[in-house]
*Asks:* 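I'd like to ask you about the structure that follows.
Keep in mind that this is a model prediction, so the values were computed, not measured.
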Amino acid sequence: MPNSSKLFLLLAICTAATLHTANGQSTSAEDEAMMQKFGTSVLKAYQSKDAAKVFSMVVSPPPASVIEQIVPGTPNYEQLFGENSKQWKAVSAWDGEFEETVMNYEAYVVLRQKPSAFGPGNPDVFSCIRLKKENGTWHYDTFYIAQQKQVNGPEFSEAEDGSELHAELNKTTSSVVQAFHQKDIEKIKALSVAEGPAALRGESERTVDERLFNSLDMKEIAEWPGTPGKVFLKDEAKIKFGESENATHWVQLIKADSGWRLKDIKLDSK
């Protein structure tokens, strides 16, 4: 039986009375309507303590044998629906109003396919540049090693080879790679997301050069073949549905082939 913290990651609700995207992204009226309808169904199921219905709407539903064990009196049931559950308190207090919505668009552009660090017998992995979309433009975020099972799963889609989006994302990636080749810190920062490249976030005793041009990432830059790579896409939404004295309540969705699906209920500490 999965522990209760992992069960929380499978729960989310989503709707928005007036959709506002905090990072300047927009979403279609069709997506907004789908999220509203989907969120209403999930919220009612959660408030009814209908675990089976709630879990049927997550992006990767657990086995029926797991859901059947979430019954009154068990630790996992109490963690989800008990009177002392923080998630239950947040959902049960929902007043029907939804506030800001943060859309998160990510693209994983493959630099090369390489053997897994776990050795022979394991599937190859993809060495990627992760880009994020802000105010309509794609920006560098970080280097990323993606498992084939991950990017071929329900949380990702693949940009069509030869499409405008595929070409745009590979062009941005080429500019990023070139900036790393030149060790042009200012250009890398200019190409990055608003909060800067992931390698430079947070406090560190290492120099900027040491953090940004580490040997592992520079090895990927050096071995990039220079040809367009596969592009995997992930669209997420984080929607504020309330707050308490100590936390802000968010519901998280992820867009799958079948439409928006549940990912998480997140209570961010203030």
Side-chain angles (χ1 to χ4, degrees), residues 21-28 30-31 101-116 123-201 208-238 254-257:
T21 53
N23 63 357
Q25 304 299 335
S26 62
T27 190
S28 69
E30 182 181 1
D31 268 350
T101 297
V102 179
M103 301 300 297
N104 182 51
Y105 301 99
E106 296 181 356
Y108 297 73
V109 183
V110 176
L111 297 178
R112 67 188 182 104
Q113 184 172 325
K114 65 178 187 177
S116 169
D124 285 355
V125 297
F126 293 124
S127 174
C128 304
I129 292 285
R130 184 170 72 192
L131 306 174
K132 290 189 175 184
K133 195 174 187 181
E134 293 182 341
N135 298 312
T137 305
W138 291 96
H139 298 273
Y140 168 68
D141 180 48
T142 190
F143 286 84
Y144 190 90
I145 300 298
Q147 305 294 325
Q148 291 193 47
K149 182 178 180 180
Q150 175 190 13
V151 295
N152 289 320
E155 297 186 10
F156 286 81
S157 61
E158 185 175 350
E160 183 179 352
D161 189 9
S163 67
E164 289 186 11
L165 180 59
H166 185 274
E168 176 188 359
L169 291 166
N170 270 282
K171 182 178 180 180
T172 300
T173 297
S174 180
S175 297
V176 171
V177 171
Q178 182 181 22
F180 271 91
H181 266 307
Q182 298 169 347
K183 294 191 174 182
D184 188 334
I185 295 173
E186 292 308 312
K187 186 175 181 180
I188 292 170
K189 289 181 177 180
L191 290 168
S192 296
V193 293
E195 59 182 332
L200 298 184
R201 296 173 206 158
V208 170
D209 277 18
E210 289 172 337
R211 298 171 71 181
L212 201 55
F213 305 121
N214 68 78
S215 59
L216 292 177
D217 291 347
M218 294 308 291
K219 184 176 187 296
E220 298 306 323
I221 290 293
E223 297 190 11
W224 178 54
T227 54
K230 290 177 178 287
V231 176
F232 299 100
L233 305 166
K234 182 167 69 171
D235 296 351
E236 296 181 307
K238 185 175 78 167
I254 191 158
K255 197 169 188 180
D257 290 341

*Asks:* Sub-3.5 Å donor-acceptor pair from the side chain of H181 to the main-chain atoms of V176, do we have one?
*Replies:*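 Here the side-chain-to-backbone pair does not exist.
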
*Asks:* Please evaluate residues I145 and K114 with respect to the criterion side chain to side chain contact (heavy atoms under 4.5 Å, CB included), reporting the C-alpha separation (whole Å), side-chain torsions for both, the decisive distance (0.1 Å), and the verdict.
*Replies:* CA-CA 10 Å; I145 300 298; K114 65 178 187 177; 3.8 Å; yes

*Asks:* Is there a side chain to side chain contact (heavy atoms under 4.5 Å, CB included) between M103 and K133 once you walk through the steps?
*Replies:* CA-CA 9 Å; M103 301 300 297; K133 195 174 187 181; over 6 Å; no

*Asks:* If you compare all heavy atoms of A190 against all heavy atoms of H139, which two are closest, and at what distance to 0.1 Å?
*Replies:*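 Scanning both residues completely, I find the closest heavy atoms to be O-ND1, 4.4 Å.
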
*Asks:* Quickly, which of L111, V110, L216 forms a side-chain contact (heavy atoms from CB on, under 4.5 Å) with S127? Name it, please.
*Replies:*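 By the side-chain contact (heavy atoms from CB on, under 4.5 Å) criterion, S127 pairs with just one of L111, V110, L216: L111.
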
*Asks:* Which pair of heavy atoms, one from K132 and one from N104, lies closest together, and at what distance?
*Replies:*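 So the minimum-distance heavy-atom pair works out to CD-OD1, 4.0 Å.
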
*Asks:* Would the number of heavy atoms belonging to other residues, nucleotides or ligands and lying under 6.0 Å from NZ of K171 be above 12?
*Replies:*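 It does not: K171 NZ has 12 such atoms or fewer within range.
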
*Asks:* Distance check, rounded to the nearest 0.5 Å: Y105 atom OH versus E236 atom CD?
*Replies:*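 It is 11.5 Å, given to the nearest 0.5 Å.
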
*Asks:* Would you say the side-chain atoms of D217 pair up with the backbone N or O of F213, donor to acceptor, closer than 3.5 Å?
*Replies:*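 No, because the side chain of D217 does not come within donor-acceptor range (under 3.5 Å) of the backbone of F213.
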
*Asks:* Tell me whether S174 contacts the main-chain N or O of N170 through its side chain, where contact means a donor paired with an acceptor under 3.5 Å.
*Replies:*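 No; zero donor-acceptor contacts below 3.5 Å.
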
*Asks:* Do you know which two heavy atoms are closest between W138 and E168, and how far apart they sit?
*Replies:*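 Taking every non-hydrogen atom into account, CD1-OE2, 3.3 Å.
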
*Asks:* Please test K234 against Y108 for side chain to side chain contact (heavy atoms under 4.5 Å, CB included), starting from the C-alpha separation and ending with a verdict.
*Replies:* CA-CA 8 Å; K234 182 167 69 171; Y108 297 73; 3.9 Å; yes

*Asks:* Kindly give the heavy-atom pair with the smallest separation between A179 and I188, and that separation in Å.
*Replies:*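 The answer is CB-CG1, 3.6 Å.
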
*Asks:* Using a strict threshold of under 4.0 Å (side-chain N to carboxylate O), is an ion pair present between R201 and D141?
*Replies:*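 A salt bridge links D141 with R201.
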
*Asks:* If you round to the nearest 0.5 Å, how far is CD of Q178 from CD1 of I221?
*Replies:*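 Here the rounded value is 11.0 Å.
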
*Asks:* Would the F180 and F143 ring centres measure less than 6.0 Å apart?
*Replies:*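 So the answer is yes for these two rings.
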
*Asks:* Return the SG to CD distance between C128 and Q113, rounded to the nearest 0.5 Å.
*Replies:*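 C128 atom SG to Q113 atom CD measures 10.0 Å (nearest 0.5 Å).
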
*Asks:* CD of Q182 to NZ of K187: how many Å apart, nearest 0.5 Å?
*Replies:*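 Between Q182 CD and K187 NZ, I get 5.0 Å after rounding to 0.5 Å.
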
*Asks:* Tell me if the CD atom of E160 is crowded by more than 12 foreign heavy atoms within 6.0 Å.
*Replies:*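 Count not over threshold, so no.
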
*Asks:* Do you know which two heavy atoms are closest between Q148 and D124, and how far apart they sit?
*Replies:*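 Shortest heavy-atom contact: NE2-O, 3.0 Å.
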
*Asks:* Going through the distances and angles, do L191 and T172 end up as a side chain to side chain contact (heavy atoms under 4.5 Å, CB included)?
*Replies:* CA-CA 8 Å; L191 290 168; T172 300; 5.5 Å; no

*Asks:* Would the number of heavy atoms belonging to other residues, nucleotides or ligands and lying under 6.0 Å from NZ of K230 be above 12?
*Replies:*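 Open: at most 12 neighbouring heavy atoms sit under 6.0 Å from NZ of K230.
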
*Asks:* Taking all atoms of both residues into account, what is the closest heavy-atom pair of V151 and A146, and its distance?
*Replies:*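 Distance-wise, the nearest heavy atoms are CG1-CB, 3.7 Å.
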
*Asks:* Distance from Y140 atom OH to T173 atom OG1, nearest 0.5 Å?
*Replies:*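 One gets 10.5 Å once the value is rounded to the nearest 0.5 Å.
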
*Asks:* Does R211 reach the main-chain N or O of A199 with its side chain, forming a donor-acceptor pair under 3.5 Å?
*Replies:*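 Here the side-chain-to-backbone pair exists.
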
*Asks:* Quick one, K149 and P123 - any side-chain contact, counting heavy atoms below 4.5 Å?
*Replies:*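 Not touching, per the 4.5 Å side-chain cut-off.
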
*Asks:* Can you tell me how far the CZ atom of F156 sits from the CG atom of D235, to the nearest 0.5 Å?
*Replies:*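 Output value for this atom pair is 10.5 Å.
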
